[in-house]
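Side chains are part of it too, since the values below use all heavy atoms of this structure and drop only hydrogens, waters and symmetry mates. All residue numbers in this chain count up from 1 along the given sequence. As the structure lists them, so they are numbered: ligands from 1, and atoms in each ligand from 1.
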Amino acid sequence: MRILLVSSEALPFAKTGGLADVATGLSKALSNAGHEVVLALPCYRRHIDELARGERIGQVEVAMKSRRVKADILETTLDESPLRVWLIDQPNYFDRGSLYVEGGLDYADNSERFLFFSRAVLEAARNQYLLPDVIHANDWQTGVIPAIVSQQLRHTADFANVGTAFTIHNMAFHGAFPAHDMALTGLPQKFFNWRQMEFYGQLNLLKTGIAFADMVTTVSPTYAREICTSQYGCGLDPVLSDCGDRLVGILNGVDPEEWNPEIDPLIPENYTLESVDVGKAACKSALQQQLGLAENPKALLFGMVSRLTDQKGFDLIAEKADAILQADVQFVFLGTGEERYENLLRDLQERYPGKVSANIGYNEQLAHQIEAAADAYLMPSRFEPCGLNQQYSHVYGTPPIVHATGGLADSVIDATDENLEERLANGFVFNKYQSDDFLEAVWRAVGMFQHHPEDWKRLQQAGMSRDWSWDQSADKYVKVYEQAISRTRSE
Ligand code: ADP
């Protein structure tokens, strides 16, 4: 199958969150399975140095209202993977300090930037640099793609049976813009209606992707059900409920070349399931030393790497951190985001020297070191479409403590007696998003870590021995692509 996967970020070129891991992990797995895959993203010049940008294979032009805007199409590869990567090079839009925001505010022309990107990718495909069987768009930044394919390109012979898949990575980001931005889509005004592209008077690019894609996916089966409810649907639940079997949940995988304690070059000691005790102890003591934590092997070290937002459960941590810190435990946090949570973490570090390490910033290496060094991982998210860090934690033998929502519910099995007995348990789960329920799960973890090391070992074994790689999920995406293509034939 020829697959064009379009994403606003992808590792190792540019990343702000899980989407970057997913775009690359999935593209690589599809490509390794023998499909012809092109991954397309903007050429963020300040993040992708010149040597990594590959070769110019052509140029496209897109009419943005009355202006004609050009972009070079650069093509590069990833080490040892047959995957092709296109970088859409348009410096006015993408030669900026960050991907989406500056000084806490979205760039004022984000709709124009990403509508241009989406349309330029389709122009490149039309120019025959790749004639795909399926185009897979991701999140609002590429939400216009299914609309253009189904309403314009499919009228041409080459695209008559090109299927579209659209993946929602987080319902909270709608890509909502003033109505007059409709003119930047190149689509007729008639689509600006409440069933298709309009939402409360604005152009809504997430809704657009959902409305026009042949198949809609999201990143876990539980989240696929949740987003059809008013609690999680962020207002678009009626549109999603209408999808019926056009909506599918597929759990993200883990890229074993990036996240694998056996070969990870970013951690001080590599280890496997057999050597996890020794390896983790070495990584823990190195991190304690590096971050100024007390070098206490017995203290349960909780790790957390996260955007510092409401979504991720920091209100629960704020309420219960003092209680938890009375026990023989330590915290290591890494993240950036809302100022109130940055202050919360700094305050904890100040009040509990040697027990709390607050690292405000974005640091790939430290993220790996924390997964390897921590004994347990905290992920009490209010909602979580899939979540990657709980899966990385499994791979690194670091049982996660999670709220039963979205992908967390699909990947963490609670340490009940029965689940332990059956060797299924791989972490700690609390069902209600309430601080007392969170605290109860934390105490169960502390109790087991201190008094039942054999049960703890079972959790690590269950997490580390399961295959979390992309291969199975990639198979499921291929089925979705086949369904998308067959829908174009039955139209
Ligand atoms: P989300 O996409 O909602 O932010 P995910 O768990 O799906 O959450 O993915 C987050 C990804 O970003 C993970 O790979 C995580 O390790 C990484 N990450 C988040 N914050 C940081 C940070 N401050 N430093 C390094 N990596 C981070």
**Prompt:** Does Ser220 use its side chain to pair, donor to acceptor, with the backbone of Leu251 at less than 3.5 Å?
**Reply:** no
**Message:** Test of understanding: with ring-ring contact (aromatic ring centres under 6.0 Å, His included), list the residues that count as partners of Trp140, not counting sequence neighbours.
**Reply:** Phe114, Phe177
**Message:** So that I know where these two stand, are His47 and Phe13 an aromatic pair - ring centroids less than 6.0 Å apart?
**Reply:** no
**Message:** Once you measure the plane-to-plane angle for Trp470 and Tyr477, does it fall in the parallel (<30°), tilted (30-60°) or perpendicular (>60°) bin?
**Reply:** tilted
**Asked** Can you pull the residues with any heavy atom under 4.0 Å from ligand 1?
**Response** Lys15, Gly17, Gly18, Asp21, Val305, Ser306, Arg307, Lys312, Leu334, Gly335, Gly361, Tyr362, Asn363, Ala367, Met379, Gly387, Leu388, Asn389, Tyr392
**Request:** Find out whether the Lys NZ or Arg CZ of Arg458 is both under 6.0 angstrom from the six-membered ring centre of Trp456 and within 45° of the ring's axis.
**Result:** no
**Item:** Row check, Tyr44 ring normal vs Arg96 NZ/CZ: under 6.0 Å, within 45°
**Value:** no
